There are 2 protein chains.
Amino acid sequence: MPTQTKIKAFDLRELKVSCGSCSLSHLCLPHGLNSKELETLDESIQHKPSVEKGQALFHAGESLKSVHAIRSGSFKTVVLTNSGSEQITGFYLPGELIGLDGLGESKHRCTAVALESSTTCALDLDDLEKLCCSLGGLRRQFLHLIGHEINHDHEILLALGQMKGEERLAAFLLSLSRRLEMRGFSPIDFHLSMPRHDIANYLGLAVETLSRMFSRMQEEQIIHTNRRHVRILNMAALCTLAQAEPRSLDTRQG
Amino acid sequence: MPTQTKIKAFDLRELKVSCGSCSLSHLCLPHGLNSKELETLDESIQHKPSVEKGQALFHAGESLKSVHAIRSGSFKTVVLTNSGSEQITGFYLPGELIGLDGLGESKHRCTAVALESSTTCALDLDDLEKLCCSLGGLRRQFLHLIGHEINHDHEILLALGQMKGEERLAAFLLSLSRRLEMRGFSPIDFHLSMPRHDIANYLGLAVETLSRMFSRMQEEQIIHTNRRHVRILNMAALCTLAQAEPRSLDTRQG
DNA sequence: CGGCTTTTTGAACCCCATCAATATCCGTGG
DNA sequence: CCACGGATATTGATGGGGTTCAAAAAGCCG
């Protein structure tokens, strides 16, 4: 704890990396930009110090100055009712944009909490808007990322509205698998950065029910799981459960 | 039916109205633009013939050429699983933008079906992008409407994940009430353009359950309802049920 | 009126929430 | 090194909200 501030100061220098050298550029805003355009984008990006596990990147109600691209780690976004109950609206992995929900009222509507020690890049919204005008590729990619956010929400809507507990978990694991694979990780053997409680909330289930679903899918030899570690044993069965096409939750042929 | 084509041809001329004279301009994309800017926007807008009840404005899988602003009537958007079950992701009223979910892959991911005879304005996406560069107000409004779409999705997520049946219905009616009021209609006495079946699907309930919720809220003197007609008798109680602040589902003080 | 869709109501069952208890992991300190 | 406490996760038992099956009632339109 006491040494943390020193480490942070060090990191701040270390983190002065560019979009061009970032391993996530193909997923993030830089996608499709040439090296000159990347330089322009770089100038508007602010590399933030790490957010520690459990800390908030931003809170609901705060005015929206910038959107954040995740560089490492992971986040959850939470909205809450006046009665105090909360709903997790998404989990965010490196390369994904967080804070888009604030565009409506120029004010964050959810709170973003780090699931582990994480780093982000902040993109000033005014700068981003201006850049979008001069860089068509950036504009298109920004809109694509917005579209993905909406699509993702619709997928969960479908899960919450139509699926049974086990199917929801299957869809969740499949979505995670696919996204991890895009980031160069194993799609069949991975670590969950969030506790059961968060997954349950996200999927609209009680923790106990979720735990039973994990156990049942283990009995059915679909997955092997030990706490936060997950290995997918039968991908086909998982897809069937999730009512998805083999090896993909949301990619459609066209 | 046979006379329809003639009527359509007539309507096409009739519908050549401008954003400036549109009663929805304060809610729609024109919001915040001056008269000169409105003219520019008008040139990119295509007034479409009416879509009849049950007809689709666009289908899932079609490539995304434009987004649509609703001018009159109402729509539902539906996503579907491979197993055939479908989930309604939203109901759209005049002044609202439909088709934003397609931004992700430049392809519609949902099907938009008219709930009644409706008219729309089509905005070519390429034109809209270009206009957003020159018209800062338009750009901001476009982003706001996108933000509203995301916020709305998160509200339903909260409803599906946290609320009981009766609470979901309360939240739904309250959201509708507020949106109708913004369009100059009575917020406590209105007509539902969608059947029970659609509301039930949207709220993740069985039709029978939804019908019981309607009946129960009538017994509780919170609403009076006769089929598609709804009158709100006890707004405070409705807000309490929906876990919302009095007279608003999603507006926050700040 | 007759056939259709839409809506409501009834009864039985089931999935899941809830309450309760145990088990496992992890960090801290003895 | 092990003991201890707290957070996390699993498992069991019970009950309730909602689905499902079934059917009647009410509107719509020919």
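Residue numbers begin at 1 in each chain, while the letters A, B, ... track the order of the sequences. This structure is a prediction, so every number in the text was calculated from the model and none was measured.
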Novice: Scan for salt bridge (Lys or Arg N to Asp or Glu O under 4.0 Å) pairs involving residues 72-83 of chain B, sequence neighbours excluded, and state none if there are none.
Specialist: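 Qualifying pairs, neighbours excluded: K76(B)-D198(B).
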
Novice: Nearest-Å distance, CG (L205(B)) to P (dC16(C))?
Specialist: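 Checked: the CG to P distance equals 14 Å.
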
Novice: Extract all donor-acceptor atom pairs below 3.5 Å that involve side chains of residues 156-163 of chain A and protein atoms in other chains or at least two apart in sequence.
Specialist:
from: Q162(A); atom 1: NE2; to: E86(B); atom 2: O; distance (Å): 2.8
from: Q162(A); atom 1: NE2; to: Q87(B); atom 2: OE1; distance (Å): 2.8

Novice: Applying salt bridge (Lys or Arg N to Asp or Glu O under 4.0 Å), can you list everything that pairs with R179(A), at least two apart in sequence or on another chain?
Specialist: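 With neighbours one apart ignored, the set is E96(A).
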
Novice: Does any part of the side chain of L180(B), heavy atoms only, come nearer than 4.5 Å to the side chain of P187(B), both counted from C-beta?
Specialist: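 No; the side chains remain at least 4.5 Å from each other.
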
Novice: To the nearest Å, how far apart are H191(A) NE2 and dC25(C) C1'?
Specialist: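 For the pair H191(A) NE2 and dC25(C) C1', the rounded distance is 13 Å.
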
Novice: Are the side chains of Y92(A) and H68(A) in touch, meaning some heavy atoms are under 4.5 Å apart?
Specialist: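 No; the side chains remain at least 4.5 Å from each other.
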
Novice: Separation of L160(A) atom CG from dC16(C) atom C1', in whole Å?
Specialist: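 From L160(A) CG to dC16(C) C1': 14 Å.
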
Novice: Rounding to a whole Å, what distance do you find between D198(B):CG and dT7(C):C1'?
Specialist: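 Going from D198(B) (CG) to dT7(C) (C1'), I get 14 Å.
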
Novice: Of all nucleotides in DNA chain D with an atom under 4.0 Å from a non-hydrogen atom of chain A, which is the first and which the last going 5' to 3'?
Specialist: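 Under 4.0 Å from chain A, the extent on DNA chain D is dT8(D) to dA13(D).
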
Novice: Taking atom P of dC25(C) as reference, at what distance in whole Å does atom CZ of R228(A) sit?
Specialist: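 Roughly 13 Å, once rounded to whole Å.
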
Novice: For D189(B), what residues pass the side-chain hydrogen bond (donor to acceptor under 3.5 Å, both in side chains) criterion, not counting sequence neighbours?
Specialist: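 With neighbours one apart ignored, the set is H229(B), R231(B).
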
Novice: Which residues satisfy the salt bridge (Lys or Arg N to Asp or Glu O under 4.0 Å) test with D153(B), sequence neighbours excluded?
Specialist: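 With sequence neighbours excluded, D153(B) shows a salt bridge (Lys or Arg N to Asp or Glu O under 4.0 Å) to no residue whatsoever.
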
Novice: How close or far is atom P of dA17(C) from atom NE2 of H197(A), stated in whole angstroms?
Specialist: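 Interatomic distance, NE2 of H197(A) to P of dA17(C): 13 Å.
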
Novice: Would you mind classifying the nucleic acid contact of R216(A) as base, sugar-phosphate or nothing, using non-hydrogen atoms under 4.0 angstrom?
Specialist: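 No contact at all - R216(A) keeps every heavy atom at 4.0 Å or more from the nucleic acid.
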
Novice: For residues I98(B) and F58(B), determine if any side-chain heavy atom of one lies less than 4.5 Å from a side-chain heavy atom of the other.
Specialist: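 A side-chain contact exists here, since the closest heavy-atom pair is under 4.5 Å.
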
Novice: With R227(A), which residues qualify under salt bridge (Lys or Arg N to Asp or Glu O under 4.0 Å), at least two apart?
Specialist: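 Per chain and number, R227(A) pairs via salt bridge (Lys or Arg N to Asp or Glu O under 4.0 Å) with no residue.
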
Novice: Could you check which residues of residues 208-215 of chain A get a heavy atom under 4.0 Å from DNA chain C? Sort them by number, please.
Specialist: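 Within residues 208-215 of chain A, the residues near DNA chain C are E208(A), T209(A), R212(A), M213(A).
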
Novice: Roughly how many Å is it from NZ in K53(A) to C1' in dC26(C), rounded to a whole number?
Specialist: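 My rounded result for the distance is 10 Å.
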
Novice: Mind checking the CD-NE2 spacing from E149(B) to H154(A)? Nearest 0.5 Å is all I need.
Specialist: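 Result: 5.0 Å between the selected atoms.
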
Novice: Quick test: give all pairs of protein nitrogen or oxygen and nucleotides 22-24 of chain C nitrogen or oxygen below 3.5 Å, distance rounded to 0.1 Å.
Specialist:
from: dT24(C); atom 1: O2; to: R227(A); atom 2: NH2; distance (Å): 2.9

Novice: Starting from the first five and the last five pairs of the helix from dC1(C)-dG30(D) to dG30(C)-dC1(D), work out the angle between the resulting helix axes, to 10 degrees.
Specialist: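 Nearest ten degrees gives 30° for this helix.
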
Novice: Suppose the criterion is ring pair (Phe, Tyr, Trp, His ring centres under 6.0 Å): which pairs have a residue in residues 173-197 of chain B, not counting sequence neighbours?
Specialist: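 Sorted result for residues 173-197 of chain B: empty, none.
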
Novice: Evaluate E166(B) against L241(B) for side-chain contact (heavy atoms from CB on, under 4.5 Å), listing each step before the verdict.
Specialist: CA-CA 7 Å; E166(B) 196 174 5; L241(B) 258 183; 3.8 Å; yes

Novice: Specify the separation, in whole Å, of atom CG of N226(A) and atom C1' of dC26(C).
Specialist: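 Interatomic distance, CG of N226(A) to C1' of dC26(C): 14 Å.
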
Novice: Can you check whether H148(B) reaches H152(B) side chain to side chain, under 4.5 Å on heavy atoms?
Specialist: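 When only atoms from C-beta onward are counted, H152(B) and H148(B) do not touch, as no gap falls below 4.5 Å.
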
Novice: As a test of reading the structure: which of dT7(C), dT18(C), dC16(C) is closest to the side chain of K164(A), going by heavy atoms?
Specialist: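 Nearest to the side-chain atoms of K164(A), counting from C-beta on, is dC16(C).
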
Novice: Applying salt bridge (Lys or Arg N to Asp or Glu O under 4.0 Å), can you list everything that pairs with E208(B), at least two apart in sequence or on another chain?
Specialist: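 Residues passing salt bridge (Lys or Arg N to Asp or Glu O under 4.0 Å) with E208(B): none at all.
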
